[in-house]
Each structure stands twice: as C-alpha cells, then as structure tokens.
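Every chain is numbered from 1 and lettered A, B, ... according to where its sequence line falls, protein lines coming before strand lines.
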2 protein chains.
Amino acid sequence: MAKIKDVAEAAGVSPSTVSRVLCNGPVSDKVRKRVEEAMRQLDYRPNLAARRLRSQHTDTIGLIVSDIRNPFFTAVSRAVEDEAYRNGMRVILCNTDENPDKEAMYLRLMQEERVTGVIFAPTRQTVANLDPAALGFPVVMIDRASRDVTTDAVVLDNRRAAAALVEHLLAQGYRDIAGVFGNTSSTGMERHAGFAEAMQQAGLPAPAQFVAPSVEAAEQAVLAMLAAEQRPRALVVSNGVLMLGAVRALKSAGLHWPQDVALAGFDNDVWTELLGDGLTVIEQPVGEIGRAAMAMLLERLDDAERSPRIVVLQGKLLARGSSAPVA
Amino acid sequence: MAKIKDVAEAAGVSPSTVSRVLCNGPVSDKVRKRVEEAMRQLDYRPNLAARRLRSQHTDTIGLIVSDIRNPFFTAVSRAVEDEAYRNGMRVILCNTDENPDKEAMYLRLMQEERVTGVIFAPTRQTVANLDPAALGFPVVMIDRASRDVTTDAVVLDNRRAAAALVEHLLAQGYRDIAGVFGNTSSTGMERHAGFAEAMQQAGLPAPAQFVAPSVEAAEQAVLAMLAAEQRPRALVVSNGVLMLGAVRALKSAGLHWPQDVALAGFDNDVWTELLGDGLTVIEQPVGEIGRAAMAMLLERLDDAERSPRIVVLQGKLLARGSSAPVA
DNA sequence: GGTGCAATTGAAATCGATCCCAATTTTTGT
DNA sequence: ACAAAAATTGGGATCGATTTCAATTGCACC
C-alpha cells in the first residue's frame, strides 16, 4: 500500500508537502493539484496509526455501555456515533454486562488507545471506586452518575420520573403499588427513591424488589410477587429490560393488565405501544441523551478546567392502557 | 504518560527488553519481575498506535451494518464483538443506513485504519459494484451476499425460509397471500424469490410490494394494501423492521390478526411472542451468524488462498397465533 | 534591478513502539 | 575448568505520518 513518500515521489515534491495537502496546510494550487492526482493514481490512504502516533491525537472516543442489546443503549449509541462521526471522530464500543471487571478492562483498553474521551454508563460499584481524574481522558457519564457532581454526566430526572409514575397510578385509583428495580445501577436506586418518596407522601407503604438487570431475573421476581399472599394491584418497573420480564411473568401467570395488575415503567421501546392498549411508560429522550453526552465531551475537550456539570433531562409520561383507571 | 523508555530506565534495562516483557518474548524471570514492577509503578500503558504502526497489524476489525437499532444487527453485532474481543481484537462499528455513499466512506475509513478484516452487510448496489480484492483486507459478508460465491459470506437460507412461511400459511388454509419485501438488500430479493416460487408451485398468484427498509415505508405500503379492493387474507413480511410497520398498519386500520389478516415474517424480536397469541416468524440464529462470521474471518486471515465459501444457516419456523388455521 | 516580505517548499527530527542482529551472559557437557 | 551451545540482553533501524525550522521562491515596490 502506497505511503506518503511514494506520493511525494510521484508528484515530484517532498513528503512534507504531501502532508500539507492532507492537512490543508499552505500549498500552492498548482502543487496541490499534482499531489492530489498522484494520490488518486496510487490509491493512497493515509495510515491512521502513524498519524495518531505523530500528531498525538486519536480523534477516537470510547463508548462503554452495559449491553448494546438493551434498546435504550442501542438508541443512545446510535446518536453518539452519528454525532461523533459528524465531528470527525471514531467510536469504540464496549459491552460490560454490568460487570465491574469488564469495566476496568475496557477503561484500561481506552487508555491504551489513547482515546480523546469516553462516554460511560458505569455500575454503582465502579462509580464508587473510580477516580476519573486518574484516567488521563475526560469522562462523561450517561444514564448513571455519582451523587456529587464531580464528573460530567447526562442523566434523566429519575426521582421525578418515578414519582410521576406513582402519582399517575394514584390518580388512576391504584393503592397497592409495588416496585421492581435494577440492583446494579445508580439509576435503579434513584428511581426507587422517587418511588418510595411518592408513596410515602401518599401515606402508603412502598414494597420494592431489587433484581439483577436481566429479563429472567425480573420475570422470576415478578412471578414471586404475583404468587404472594397479597398480590400488588399495580407494578412500577424501573427499565425496559425488567419490564419485558414483568410482562412475561404476567402472561405466564395468566394475568391481564390492567384488570389484574396495572403496569407502568420506563423506556418507550417499540413494542410497548403495541401490547394490548399499550404500556404506560416514561419515555426517555434517547437521542438527546446521546447528543448531549457527545456535546458535553466536546466542550470538556475544549476546556478541561470548567467545573463539572450534570445535565438532567426530563422524561415524558406516556399514559396508556396498562394503567387505565381502576374500574 | 509513561513510555517504554521510562519503564526501561526505571527497571534498569533496555527498551527492547521491556518490549519483550510486553510480548511474552524470552526474558529471565528476574528481569521480567523488575520490569513488571516498574510498569506498575509508572502506571504504564502501551501505546496502541505506536504498536500498530511498527508491528503492522492492527488487530482491529470493521463491522459495517445498516443500522444497529435493527434488533437483528444488534444481536449479530453483540456476538461479533464478544467473539472479537475474545480473540484479542477490537471492533469498529459503522452504520450505513443502507446508503451506498456511506458504505463507500466507511470502507475507505477501514482502509485508513488498516483493519485486519471487515464484516459487512452491504446493499445490493454495493454488492454489484464492489471488488473486495481491491480493498486490501478480507471481507466476510453477512445477511446478504452476491449470487456467485466470490466472497466469504454467512447468510440465511432465505428462499427456503420464505417458502416455509408460504407453505405454512397454505397448510393453515390461506390462499390470498401477499408479500412485503425490503428493496435495498439482496436478502429481500431472495426472500421474494422463495415466496414467489412457493406460491407458483401452489398455482397461486404472488402479489408483492418492495419498500424502503423502514417502519414508516412498510406501514404506508401495508395500509395501501389493506385499503385495496382485494385485501389479501395473509401477509408475508420480509424482516422485523417491516413487520413492525405492518403491525402498526393493521392496528391503525382497526384490523385484527389472524381473523382479518394473517401475519408471518422474519426475526424473532422480543415483542413478537408477546403480541396477542404471538407472531409467526422465522427465527434467525443471530448469535451463530455473528460467531460464524468472525470464525470465517479468522480462517481467512489464516489462509488467504482458500477458496471463498458461503455458510448457509437455516432459520427456524415459529408457528404462532398470527397464522392460526382459517376458521 | 535590487530589496524586503510573505508565501511555499524541503530537510530532518520525532511520535512510541517492535524487531533484527550482534554482544553478552548463562548453561551444558566433558 | 574450559569450550561450545543456548539463553538473554542491548543497540539501532524502522514503521508512516506530522511538525519545526530553515531555505527558497515569488512578488510588490522603490
């Protein structure tokens, strides 16, 4: 494969000049034309590894999520990637499966890649132990964040959103409401807090289950709740993956919503509006989250000193059939 | 950030020796210990750009799909990535939106990255124009392939699968069956061929629509079909994205399946089993497709000369409520 | 025609690793 | 204990680009 020296010889100029053509440096039109022609002749492609080594910037960002198969992360990723490529950056995608060891491994990989920055949805455990300053690149957290604002982050107003679900269910006439929350992310904790708060405000108990973030775990947990002495009249579920488990549990228990159990949760996945009269969910602005994260990262790269900030976005309550008023 | 020279000095050895420690070269245990300790002290991270430049292998593969939000590609990607990382390779993910210009752009990027190989789901147009030999890296096509076996590929037995859907519908008593197919991929064409063939074998006409590969396009097309004079009694839909459009069209037209129109399609997306009594679909072995593609790529890297081959995987018919026998 | 200044161009160092080859040390065999 | 063989180590070139700095060219103006 042709290198810059070959192009230089073919065009009768020095490698420096070819490089200048590549980087839009000062070159006379005549020479630029000749060089470009030579590049075409030789089908020249700059070697990005060499360029990165010499120029000391990789124009690459890392995107570390738990599982790209979770539609929330799929959508966010797509937005991040579009935005990144628009800004001339590549994306390295990593799936951690909510496993702190994998998180550490990928962070290490990001260091070896000398990435420009990282967008990261960490587990609670990693949030607690991580010192982003020691990493050598800026980090923007998404979906999850530490309580104190020490790292840039883009998150949903989780407490408000969870409370909004509760308030909605209360307004529809439900009282016996139970919650199911993911146990690995700060998001699950926040949503639980909002849930508990709103229930307490209504003077109601707030029974809650914390489960591993998988469909199967949620299905098992919900099946158990449904089989219990005091079956809840409504369920608040803290994300789309768990909601899928809940729906499966209801189906296999032969129960119907909202007649037997009302449902309300998070993430407006495509199927939620198709199920019966629709599932009531908080829709997250997934595209905006991805774009905001990328924008924050770019701003941070512009100014390493500016104080960290958290962008809090609001969810949108989509009230649908699964939380119809109590008959 | 520390470099190899710093580590060498700290450990009192030459850079060559440090490099050997990194690459498991021949080093005495004593020295290896010292070097490793120095690395820990300095929090050393090898610079992958430098390593790639010098060693002339990037251990990076490109994964080019149309849209990661399509659950089929999401699942395949996840399998590819797991398999890649397991083999010590990174993945660069690209979304082309079935746009040949983007495809060309990303292929060019892959050349600049000097990737080891590429796994690619190309549009028909690109399949027709592309000369994989000129790219400089091996390509394994997934989901789609050229008719003649000139490039490694992993595909479904699309004709058989589509025919299986038709045969199933016929067996259930349906006769007026129409098809909806994507118009940008060879996959759509193959599935149409299988559909048409099976219908012809039954002595039936095979009305078909070709649409852009988006939910909206499918929804519009299906709405039109449903409003036509002769509404079909059953629909074969060529992938999960289009199926979503079809379901939406039925819903908004106030029609029910299978009573008004039976449905059968591809891709066992999570929601297909939840809708009513379930949607009849051909399940693709998504994980296997990703793993097989990665395995093929590795074999090809091992032996550039072996003759190209196509791995054809079989889909699995999941007969569910949407194609219940005609009453 | 010569001078001064800006615009182009080229030479050579450099980024941080790997790798070839030669030098050195250690091990082995007798 | 000594020579030969094997194992380990170091020196220095190299991968393919960018970047600094100096040299050259072109042009305007006196």
Side-chain angles (χ1 to χ4, degrees), chain A residues 1-36 38-39 42-60 88 90 108-116 136-137, chain B residues 1-36 38-39 42-60 88 90 108-116 136-137:
Chain A
M1 175 146 280
K3 35 198 211 178
I4 217 171
K5 203 173 120 217
D6 303 322
V7 176
E9 277 165 17
V13 298
S14 75
S16 323
T17 301
V18 176
S19 172
R20 274 185 279 260
V21 171
L22 248 28
C23 310
N24 287 314
V27 192
S28 68
D29 283 353
K30 204 172 22 160
V31 171
R32 160 165 281 123
K33 278 257 170 55
R34 267 212 329 272
V35 171
E36 282 170 348
M39 287 181 174
L42 299 173
D43 198 32
Y44 170 75
R45 296 282 182 279
N47 181 320
L48 289 183
R51 173 177 292 183
R52 289 183 182 132
L53 173 58
R54 175 62 242 224
S55 70
Q56 300 288 72
H57 51 80
T58 57
D59 293 342
T60 298
R90 332 258 148 273
R108 190 186 179 98
L109 174 62
M110 294 303 108
Q111 295 184 300
E112 301 188 351
E113 292 277 3
R114 303 290 193 271
V115 294
T116 306
F137 46 72
Chain B
M1 175 147 279
K3 35 198 212 179
I4 218 171
K5 205 172 119 219
D6 303 323
V7 175
E9 279 166 13
V13 297
S14 75
S16 320
T17 300
V18 177
S19 172
R20 273 185 282 261
V21 171
L22 248 28
C23 309
N24 285 315
V27 193
S28 69
D29 283 353
K30 204 173 21 161
V31 172
R32 161 165 279 122
K33 279 256 171 54
R34 268 215 325 273
V35 171
E36 282 170 349
M39 286 180 175
L42 298 174
D43 199 32
Y44 170 75
R45 296 283 182 280
N47 182 321
L48 289 182
R51 173 177 291 183
R52 288 182 183 132
L53 173 59
R54 174 63 242 222
S55 71
Q56 299 289 71
H57 52 81
T58 57
D59 294 342
T60 298
R90 332 259 148 274
R108 191 188 178 97
L109 173 63
M110 294 304 108
Q111 295 185 301
E112 301 188 351
E113 293 276 2
R114 302 290 193 272
V115 293
T116 306
F137 46 74

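Scanning all heavy atoms of the two residues, the minimum distance from A10(B) to A38(B) falls at CB-CB, 4.0 Å. In this structure, I4(B) and Y44(B) approach most closely via the heavy-atom pair N-CE1, 3.6 Å. Between L22(B) and P46(B), the shortest heavy-atom contact is CD2-CB, 4.5 Å.
The shortest side-chain heavy-atom distance between F137(B) and T58(B) does not fall under the 4.5 Å cut-off. Contact of the D59(B) side chain with the L48(B) side chain is not registered, since no non-hydrogen atoms from C-beta on lie closer than 4.5 Å. At a threshold of 4.5 Å between non-hydrogen side-chain atoms, the residues N47(B) and K3(B) do not count as touching. Proximity of N24(A) to R32(A): side-chain heavy atoms (C-beta onward) are separated by under 4.5 Å at one or more points. For the pair V35(B)/V13(B), a side-chain contact is recorded, criterion being any heavy-atom separation below 4.5 Å from C-beta on.
In the 5' to 3' direction, nucleotides of DNA chain D lying under 4.0 Å from heavy atoms of chain B begin and end at dT8(D) to dG16(D).
Pairs of residues two or more places apart, or lying in two chains, that qualify as salt bridge (Lys or Arg N to Asp or Glu O under 4.0 Å) and include a residue from residues 48-58 of chain B are E113(A)-R52(B).
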side-chain contact (heavy atoms from CB on, under 4.5 Å), that's the test. Do V31(B) and R20(B) meet it? Break it down for me. CA-CA 11 Å; V31(B) 172; R20(B) 273 185 282 261; over 6 Å; no
Quick one, give me the B/S/- string for nucleotides 12-18 of chain C, reading 5' to 3', where B means a protein heavy atom under 4.0 Å from the base and S means that only happens at the primed atoms, P, OP1 or OP2. BBBBBBB
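Rounded to 10°, the helix from dG1(C)-dC30(D) to dT30(C)-dA1(D) has 30° between the axis fitted to its first five pairs and the one fitted to its last five.
A side-chain donor-acceptor contact under 3.5 Å links R34(B) to the backbone of A11(B).
Proximity of residues 24-35 of chain B to DNA chain C (heavy atom under 4.0 angstrom from any strand atom) is not detected for any residue.
Take D43(A) and apply the salt bridge (Lys or Arg N to Asp or Glu O under 4.0 Å) test, not counting sequence neighbours, and it matches R45(A).
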